[in-house]
Peer 1: 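Submitted below is the structure of interest, expressed as structure tokens.
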Amino acid sequence: MFTLVYVLLALFILSLLAGITAAIRFRKNRFRSIGSILLVLLINVLIWFAISYAYDQSPGLGISGFGEKWIFTESKDPQPDVPVQPPQAEESVVPAVPPVDQSETGSEHEEDVAVGSDRDHDAEAGIEEETVIKKRQLPKGFVYLDEVIPSALYDIRYYSDYNFVGKPIEGYKAPLAIMSSKAAEALAAVNQDLEDQGYVLKIYDAYRPKKAVEHFIRWSKDSQDSAMKETFYPDEEKESLFKRGYIAKRSGHTRGSTVDLTIVDKETGNEVDMGGVFDFLGDISAHGSKLITAKQAANRNILKNAMVKQGFEPYSKEWWHYTLHDEPFPKQYFDFDVE
Ligand SMILES: C[C@@H](N)C(=O)N[C@H](C)C(=O)O
Ligand SMILES: [Zn+2]
């Protein structure tokens, strides 16, 4: 689809050039000249419709980063000049995942692991620990993030019902974060950098199966279900969330090198105030938003600087979403479960 957009754009430019050439060539014959210009205009309109259609099929971050890199380009972070009271960051912190033996990654061995993400997020905001059995049948090149970054915190929202859908999302069978090994290594360096500054990473989502994205799409078409609107998208229509770029039909997460995360103060255990919570689908979540204070913008920059230093690219519309620039599977969309 991405290539198709390139081809259509090229055709668009070529037909414009053809129109100009024809107009010059037939300038002495008024009928031919007008006829060729009209024909070229018609072709342009058709091509433009085709481009719009291609984009509609994959809005937001869709087509291999089409949205991320073309439509929603990263803007410089201007200092906010109209601070308003944003939604407060959550105070709850989920306990860290204890280190596990790393030597067995990739084997088919199953192992009990205590993790801190509770399916019933309302119960003391996920403080209880839960025993999870790791299936360990990850495709080559993927790892469990807690094995690479044991000191990070994990609050896997799509395994719980505390997310914009209000239900556990398909494909999340355990509160685990999985990523490509390359992205995981880069993220470990980010975590080390941030630990040196007194913070620790908190991961909300990493690899996301295709079936989970399909669940989001089905949900967005169900106009009867707006259970989580007030919390996560009070100012947006749910059917427009894809078009507006807040959720992608072909998500970078599904390629395994994209992560949603924030930082937690190591001393207090509190999430750093980013001026709006994870998955708040609205203007306040954009980098450079005028709706946040200078302090909140500076906090976003602590995370952003550390991520960019290790090769991750921010996403202009969501302060928590980053993709490894040199991702190892740039064209593959996976569908294995998180388990
Ligand atoms: C839904 C949100 N957490 C997210 O990841 N959005 C981006 C655009 C995506 O779906 O890839
Ligand atoms: Zn994301």
Side-chain angles (χ1 to χ4, degrees), residues 2 55 57-74 90 117 121 145 154-172 177-180 183 187 190 201-220 228-229 231-233 236 238-262 274 276-287 300 303-304 307 312-325 327 329-330 332-335 338:
F2 191 43
Y55 173 64
Q57 290 306 299
S58 189
L61 298 192
I63 320 156
S64 297
F66 180 73
E68 282 181 51
K69 287 167 188 162
W70 283 53
I71 303 292
F72 305 112
T73 49
E74 174 64 358
E90 273 185 282
S117 191
H121 200 275
L145 212 44
Y154 296 84
D155 182 7
I156 307 302
R157 291 288 181 83
Y158 302 143
Y159 171 74
S160 79
D161 52 16
Y162 190 62
N163 57 54
F164 54 82
V165 172
K167 294 189 181 106
I169 305 304
E170 263 181 44
Y172 287 81
I178 294 170
M179 272 193 111
S180 71
L187 202 57
V190 173
L201 289 179
K202 181 171 183 178
I203 312 294
Y204 293 116
D205 189 30
Y207 158 71
R208 179 186 305 165
K210 253 193 325 199
K211 56 177 77 78
V213 175
E214 281 154 15
H215 188 170
F216 291 160
I217 296 173
R218 278 197 308 280
W219 165 81
S220 76
M228 301 306 271
K229 182 168 174 64
T231 313
F232 288 107
Y233 53 101
E236 299 283 338
K238 69 184 284 199
E239 58 274 14
S240 305
L241 291 171
F242 284 89
K243 249 195 177 106
R244 300 265 293 131
Y246 293 117
I247 317 173
K249 284 187 177 166
R250 267 153 72 82
S251 171
H253 286 278
T254 309
R255 303 194 299 267
S257 298
T258 293
V259 63
D260 290 342
L261 76 182
T262 191
M274 296 294 198
V277 294
F278 163 66
D279 262 359
F280 184 88
L281 309 176
D283 290 341
I284 200 169
S285 297
H287 284 288
R300 287 183 186 185
L303 175 61
K304 185 170 153 190
M307 293 294 282
F312 285 92
E313 286 180 352
Y315 175 46
S316 60
K317 299 210 107 185
E318 296 173 349
W319 59 258
W320 57 82
H321 176 105
Y322 288 86
T323 299
L324 188 69
H325 178 70
E327 53 186 313
F329 306 109
Q332 271 169 277
Y333 291 80
F334 296 88
D335 200 26
V338 174

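The structure presented is a predicted model; accordingly, all values stated were derived computationally and were not measured. For ligands, and for the atoms within them, numbers begin at 1 and follow the listed sequence. Residues: numbered from 1 along the sequence shown. Values below: all heavy atoms of this structure, side chains included; hydrogens, waters and symmetry mates excluded.
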Peer 1: Which protein N, O or S atoms sit under 2.8 Å from the Zn ion (ligand 2)?
Peer 2: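 Within the sphere that stays under 2.8 Å of the Zn ion (ligand 2), the protein atoms of type N, O or S are H253 NE2, D260 OD1, D260 OD2, H321 ND1.
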Peer 1: Is it the side chain, the backbone, both or neither of D279 that has a heavy atom closer than 4.0 Å to ligand 1?
Peer 2: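 Side chain only; the backbone of D279 stays clear of ligand 1.
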Peer 1: So which of F164, F232, F242, Y246 gets nearest to atom 6 (N) of ligand 1, if we judge by its closest heavy atom?
Peer 2: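 Heavy atom nearest to atom 6 (N) of ligand 1 belongs to Y246.
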Peer 1: Describe, in one word, how the ring planes of H253 and H321 are oriented to each other, choosing from parallel (under 30°), tilted (30 to 60°) and perpendicular (over 60°).
Peer 2: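 H253 and H321: perpendicular rings.
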Peer 1: Mark the output for D205 as yes if a heavy-atom distance to ligand 1 is under 4.0 Å, and as no if none is.
Peer 2: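 In this structure, D205 fails to qualify as a contact of ligand 1 - no heavy atom is under 4.0 Å.
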Peer 1: So do the side chains of L261 and F312 get within less than 4.5 Å of each other, counting heavy atoms only?
Peer 2: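 No, side chains not in contact.
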Peer 1: What pairs with T231 under side chain to side chain contact (heavy atoms under 4.5 Å, CB included), at least two apart in sequence or on another chain?
Peer 2: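 Only Y162 meet the side chain to side chain contact (heavy atoms under 4.5 Å, CB included) criterion with T231.
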Peer 1: Output yes when a side-chain donor or acceptor of Y154 lies under 3.5 Å from a complementary backbone atom of L145, and no otherwise.
Peer 2: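 Side chain of Y154 to backbone of L145, a donor-acceptor pair under 3.5 Å: yes, one is there.
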Peer 1: If the cut-off is 4.0 Å to any non-hydrogen atom of G245, which atoms of ligand 1 fall inside it?
Peer 2: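 Under 4.0 Å from G245, ligand 1 has these atoms: 8 (C).
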Peer 1: Does R208 come within less than 4.0 Å of ligand 1, judged by its heavy atoms?
Peer 2: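 For ligand 1, residue contact (heavy atoms, under 4.0 Å) with R208 is present.
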Peer 1: Return yes when Y204 approaches ligand 1 closer than 4.0 angstrom through a heavy atom, no otherwise.
Peer 2: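 No; Y204 lies far enough from ligand 1 that no heavy-atom distance drops under 4.0 Å.
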Peer 1: If we set the cut-off at 4.0 Å for heavy atoms, which region of F216 has an atom near ligand 1: side chain, backbone, both, or neither?
Peer 2: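 Within the 4.0 Å criterion, F216 makes no contact with ligand 1.
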Peer 1: Short list, please: which atoms of ligand 1 are under 4.0 Å from a heavy atom of H253?
Peer 2: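 It comes down to these atoms of ligand 1: 5 (O), 11 (O).
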Peer 1: Determine, step by step, whether Y315 and D260 satisfy the side-chain hydrogen bond (donor to acceptor under 3.5 Å, both in side chains) criterion, reporting the C-alpha distance in whole Å, the side-chain angles of both residues, the deciding distance to 0.1 Å, and the verdict.
Peer 2: CA-CA 10 Å; Y315 175 46; D260 290 342; over 6 Å; no
